[in-house]
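Computed from a prediction, not measured in an experiment: that's the story for all the values here. Residue numbers begin at 1 in each chain, while the letters A, B, ... track the order of the sequences.
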Protein chains: 2
Amino acid sequence: MTPDGSRRAYDGKLIAVTVERWGEHEREIVEHSDSVAVVAIDAERHVWLVRQFREPARKELLELPAGVTEEGEDPRASAQRELREECGLRGGRWSELGRFWTTPGFCREAMHVFLAEDVEPGEPEPEDDEDVEIVRWPVGEIGARLAELEDAKTIAGLLLYVRR
Amino acid sequence: MTPDGSRRAYDGKLIAVTVERWGEHEREIVEHSDSVAVVAIDAERHVWLVRQFREPARKELLELPAGVTEEGEDPRASAQRELREECGLRGGRWSELGRFWTTPGFCREAMHVFLAEDVEPGEPEPEDDEDVEIVRWPVGEIGARLAELEDAKTIAGLLLYVRR
């Protein structure tokens, strides 16, 4: 299925907006790179989360380590790169927990969520504008601490993990 | 916390883009109305889902009934209106299952997810551009059918429900 017409309405740095015509309807669509998130579990059975200030929410949120897939990059390679940069975590046994559209009503962002077990700590390699605090939760506490989470991918990813 | 500067970069119908300056960094933020989704369970213990074509994904997706909160509208009232319009469901016992940012890295959309139990079937009142197929799943099958879901709010909402 493809639209009957399409025009670029906004061209930004990380996002763009396309207006597509489908029959009689027009649809505004936010274009965003595909993205990845990781449920990373270390040898002590702790899950690694990152707390960072999120401008759209105007507050700090606790989230799975995540990022965008670079042009031509394999999603798993992207997730491994993000996990190393944000948390310094390396290695581990990798599998896919799920994939979903983050907001399919208006945004073309598909996200892969990976599980990385037995990851090994190392030095983070944060990007310039990343100011991230690492938070570790014992896996057994995830269920009781869900109320601390306010991010959709983090709730979905951790619940997909605990029900395995 | 508020930005040091802000300018509107795009003004659309359902979305807008703001560029905010926070210290030395600029952040592109998609502005979108707050939204609601509902895990609706009927007296026969079926959950109601909607299948509809999603232009950003260019395919049909199976999702929780959902929609945007209108100006000044209470989230629960919004959810009740959406459930009536999309599914024809009325009444029921309502509670909040969760609330989260859908994509806090670049979008200012906060979503409330409600649980509506013992809802009563009636006539849907679809809007002009809504072409929605109703799908009902026995509650006991949710876990086994997760792989059919490709939408973040639906995965998060149903998993929040089944773990209660």
Side-chain angles (χ1 to χ4, degrees), chain A residues 1-3 9-10 12-15 17-20 22 24-32 35 53-61 63 66-68 98-111 128-129 143 146-147 149-160 162-163, chain B residues 1-3 9-10 12-15 17-20 22 24-32 35 53-61 63 66-68 98-111 128-129 143 146-147 149-160 162-163:
Chain A
M1 300 279 280
T2 53
Y10 170 74
K13 201 172 147 192
L14 290 175
I15 58 168
V17 178
T18 307
V19 178
E20 292 183 351
W22 292 82
E24 310 218 329
H25 303 292
E26 281 203 334
R27 285 282 177 270
E28 260 175 336
I29 297 173
V30 175
E31 308 280 0
H32 186 278
S35 55
F53 182 75
R54 288 303 209 173
E55 291 83 0
R58 299 202 174 163
K59 63 191 290 194
E60 288 190 336
L61 297 180
E63 300 174 48
V68 301
R99 62 174 76 183
F100 44 71
W101 299 89
T102 55
T103 45
F106 66 96
C107 180
R108 195 161 4 241
E109 181 192 27
M111 177 174 275
D128 274 357
D129 65 345
L146 280 178
L149 303 173
E150 301 174 77
D151 168 53
K153 70 176 172 297
T154 304
I155 295 170
L158 287 180
L159 288 178
L160 284 169
V162 296
R163 68 175 300 284
Chain B
M1 301 281 281
T2 52
Y10 170 73
K13 200 172 151 193
L14 290 175
I15 59 167
V17 179
T18 306
V19 178
E20 293 183 350
W22 292 82
E24 310 218 330
H25 301 293
E26 281 203 336
R27 284 282 176 270
E28 259 175 337
I29 297 174
V30 175
E31 308 280 0
H32 186 277
S35 56
F53 182 75
R54 288 302 208 174
E55 291 82 359
R58 299 202 174 163
K59 62 191 289 196
E60 288 190 338
L61 297 180
E63 300 174 50
V68 301
R99 63 173 77 184
F100 44 72
W101 299 88
T102 55
T103 44
F106 66 96
C107 180
R108 197 163 359 243
E109 182 193 27
M111 178 174 274
D128 274 356
D129 65 346
L146 281 177
L149 303 173
E150 300 175 78
D151 168 54
K153 68 176 175 297
T154 304
I155 294 169
L158 288 180
L159 288 178
L160 285 168
V162 297
R163 69 175 299 283

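- Contacts of B:E109 with chain A are made by side-chain atoms alone, with heavy-atom separations under 4.5 Å and no backbone atom involved.
- Chain B forms the most heavy-atom pairs under 4.5 Å with one residue out of A:P3, A:G157, A:G105, and that residue is A:G105.
- Contacts between B:V162 and chain A at a heavy-atom distance below 4.5 Å are absent for every atom of the residue.
- Closest approach of A:R163 to B:L159, counting heavy atoms only: CD-CD2, 3.3 Å.
- Only the side chain of A:E63 has a heavy atom closer than 4.5 Å to any heavy atom of chain B.
- Evaluation of the side chain to side chain contact (heavy atoms under 4.5 Å, CB included) rule for B:A57 yields A:W101, B:R54, B:K59, B:L61 as partners, not counting sequence neighbours.
- Within the 4.5 angstrom heavy-atom criterion, atoms from both the backbone and the side chain of A:T102 approach chain B.
- Both the backbone and the side chain of A:E55 have a heavy atom closer than 4.5 Å to some heavy atom of chain B.
- Checked against salt bridge (Lys or Arg N to Asp or Glu O under 4.0 Å), B:R99 has the following partners two or more places apart in sequence or in another chain: B:E96.
- Note: A:G143 leads A:G98, A:G143, A:A110 in heavy-atom pairs under 4.5 Å with chain B.
- To the nearest 0.5 Å, the span separating CD1 on A:I15 from OG1 on B:T103 amounts to 10.0 Å.
- Using cut-offs of 30° and 60° for the angle between ring planes, the B:H32 and A:F106 rings count as parallel.
- Per-residue heavy-atom pair counts under 4.5 Å with chain B were compared for A:D151, A:L158, A:T154, A:L149, and the maximum is reached by A:D151.
- Annotation for A:C107 and B:P56: closest pair O-CB, 3.6 Å, computed over non-hydrogen atoms.
- B:A152 and A:A156 make their closest contact through O-CB, 4.4 Å (heavy atoms, listed as atom of the first residue, atom of the second, distance).
- Within the 4.5 angstrom heavy-atom criterion, only side-chain atoms of A:L146, from C-beta onward, approach chain B.
- Using a 4.5 Å cut-off between heavy atoms, A:V68 makes no contact with chain B at all.
- Residues A:T2 and B:R58 approach most closely at CG2-NH1, 4.3 Å, considering heavy atoms.
- Among B:E28, B:K13, B:K153, B:M1, the residue making the largest number of heavy-atom pairs under 4.5 Å with chain A is B:E28.
- Within the 4.5 angstrom heavy-atom criterion, no atom of A:E26 approaches chain B.
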